[in-house]
Q: 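Encoded as structure tokens, here's the structure I'll be asking about.
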Number of protein chains: 2
Amino acid sequence: MPKRVDHRERRALIADALMRVAAEQGLEAVSLRHVAAAAGVSSGMVQHYFRTRDEMMTFALAVIRERNEARVTRAIAALGETPAPRELLRTMLAELLPLDEERRADGRVALAFLAYTVVRPAVAAALHDETAALLGFIAGLISSGAGTTVDPERAAVGLLAVMEGLGIYLLGGHYPPETALAALDTQLDLLFGPAEPTS
Amino acid sequence: MPKRVDHRERRALIADALMRVAAEQGLEAVSLRHVAAAAGVSSGMVQHYFRTRDEMMTFALAVIRERNEARVTRAIAALGETPAPRELLRTMLAELLPLDEERRADGRVALAFLAYTVVRPAVAAALHDETAALLGFIAGLISSGAGTTVDPERAAVGLLAVMEGLGIYLLGGHYPPETALAALDTQLDLLFGPAEPTS
DNA sequence: GCGTTTACGTTGCAACTGCAATGCAAACGG
DNA sequence: CCGTTTGCATTGCAGTTGCAACGTAAACGC
């Protein structure tokens, strides 16, 4: 076994370059040579780690989802032992919003991938599962803490949609972060009843 | 003045072909030749009516927005003289959701354009205005009809976000139309208080 | 030493891209 | 009849694309 190299590290390096390109110029600018240049490597090397462009794309999409998941789990862990459902929900959803430049960059790529997968149903299956899992989690939190008598499932769908929609409008620059957060809190107020002043 | 041809009609014909291509294979598959083939014309003719590809894109984007606007005004007009705010709101938002195949096709293209404009801020200005106008309209309806004591502006932002998010998830096939409509109604319940059974 | 396997770099190619250029036919004003 | 303007088709070109095909260098087992 010759020349051992950390395979995953290289792939991550390339995927990182891909996302830089995608965030700045859109997914359609993501070509083998372009990504290779951004990563500072030869285009042959990119081909070595991803036999096809589509394979590279799929990997990058997985990276984004992992990053989001890591962000959320980290933010939740920072909440302490047994946070209130509403606080947990707010933290989680706010973390998924593109509120700073880092998350904006990720969000731009994610949005591009969203449009990408809509036309390629095969790739979209993974997103399906993620949504379903998130949905169940949110529904549980709502039913365990909401004051009003709403169907938790439906409310969860709505809440997730609010988050997604706010993300879209944030990326489009339609309004500033504070407005999005205010809208999110208003939404939570509707579900849980008005709350003591949130941070 | 020789050979008079309806300029707008031709452009509409081409834009229509563009959207068929975009809906089926994504925006990145939209090339001069491809669109020309889909429209059944020569690529030279496409060039005659749109001097650059970007000009063609911008026009297609405008067409989509006009179609949406027409859909909404038509649906609202069908409501009669003085509809209740809630009913008006529901009709409007439901009309903007990709609930049938026609609107799904439009939605796919719109989503692709969304990702497209995020990287090209110059094109996004028009969307800005549209959102702002919609927002003001919705806020007015809420403040004139909502039962709870919420800030109409914030609630409008949330409601619009719900609609956008539901649209995204519908396009992704994450859940069926009924689920989206149910979530929308739940959202309206939260704002206006539970209502008599909706159609 | 040698053979094999991995890790690249380089080159080449057919396909495609946007776009300019050119040509021609038709319709109108004069 | 003729020039001009418009509508459209064809062709060509430089650039880019994904990908295959090579090459070579390094690390290891034997």
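Reckoned from all heavy atoms, side chains included, excluding hydrogens, waters and symmetry mates. Reminder, nothing fancy here: chain letters follow the sequence lines and each chain counts from 1.
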Q: For A:Arg10, enumerate each residue passing the salt bridge (Lys or Arg N to Asp or Glu O under 4.0 Å) test, keeping only those at least two apart in sequence or located in another chain.
A: none

Q: In whole angstrom, what separates A:Gln47's CD from C:dT6's C1'?
A: 16 Å

Q: Let me know the distance between CG of A:Leu27 and P of D:dT17, rounded to the nearest Å.
A: 14 Å

Q: Name all residues meeting the side chain to side chain contact (heavy atoms under 4.5 Å, CB included) criterion together with B:Ala94; count only those two or more places apart in sequence or in a different chain, and write none if there are none.
A: B:Leu181, B:Leu184

Q: Can you tell me which residue pairs pass the side chain to side chain donor-acceptor pair (under 3.5 Å) test with a partner in residues 114-123 of chain A, sequence neighbours excluded?
A: A:Asp54-A:Tyr116, A:Arg120-B:Glu28

Q: Just jot down the salt bridge (Lys or Arg N to Asp or Glu O under 4.0 Å) partners of B:Asp100, sequence neighbours excluded, or say none.
A: B:Arg103

Q: Can you tell me the distance, in whole Å, between the CG atom of A:Asp6 and the P atom of C:dC8?
A: 11 Å

Q: Go through residues 14-26 of chain A and report each residue with a non-hydrogen atom lying under 4.0 Å from DNA chain C, sorted by number.
A: none

Q: Between atom CD in B:Glu28 and atom P in C:dG18, what is the gap in whole Å?
A: 12 Å

Q: Expressed in angstrom and rounded to an integer, what is the separation of B:His48 atom NE2 from C:dA26 atom C1'?
A: 13 Å

Q: Is there side-chain contact between B:Met56 and B:Arg11, with at least one heavy-atom pair below 4.5 Å?
A: no

Q: Tell me who clusters with A:Leu111, hydrophobic residues only, linked when side chains sit under 4.5 Å apart either directly or through other members.
A: A:Leu114, A:Val118, A:Leu127, A:Ile168, A:Leu171, B:Leu111, B:Leu114, B:Val118, B:Leu127, B:Ile168, B:Leu171

Q: Please list residues of residues 49-60 of chain A whose heavy atoms come under 4.0 Å from any atom in DNA chain D, ordered by number; otherwise none.
A: A:Thr52, A:Arg53

Q: Would you jot down, in residue-number order, the residues of residues 31-46 of chain B having a non-hydrogen atom under 4.0 Å from DNA chain C?
A: B:Ser31, B:Leu32, B:Arg33

Q: Any side-chain N or O of A:Arg10 less than 4.0 Å from the OP1 or OP2 oxygen of C:dA7?
A: no

Q: Kindly write out the residues that satisfy side chain to side chain contact (heavy atoms under 4.5 Å, CB included) with B:Pro83, not counting sequence neighbours, or none if the list is empty.
A: B:Leu79, B:Leu88

Q: B:Asp129: what forms a salt bridge (Lys or Arg N to Asp or Glu O under 4.0 Å) with it, not counting sequence neighbours?
A: none

Q: Taking only residues two or more places apart in sequence or in another chain, which ones pass salt bridge (Lys or Arg N to Asp or Glu O under 4.0 Å) with B:Arg104?
A: B:Glu101

Q: Any pair with a residue in residues 14-24 of chain B that passes salt bridge (Lys or Arg N to Asp or Glu O under 4.0 Å), sequence neighbours left out, goes on the list, sorted by first then second residue, please.
A: B:Asp16-B:Arg67

Q: So do the side chains of A:Leu18 and A:Val63 get within less than 4.5 Å of each other, counting heavy atoms only?
A: no

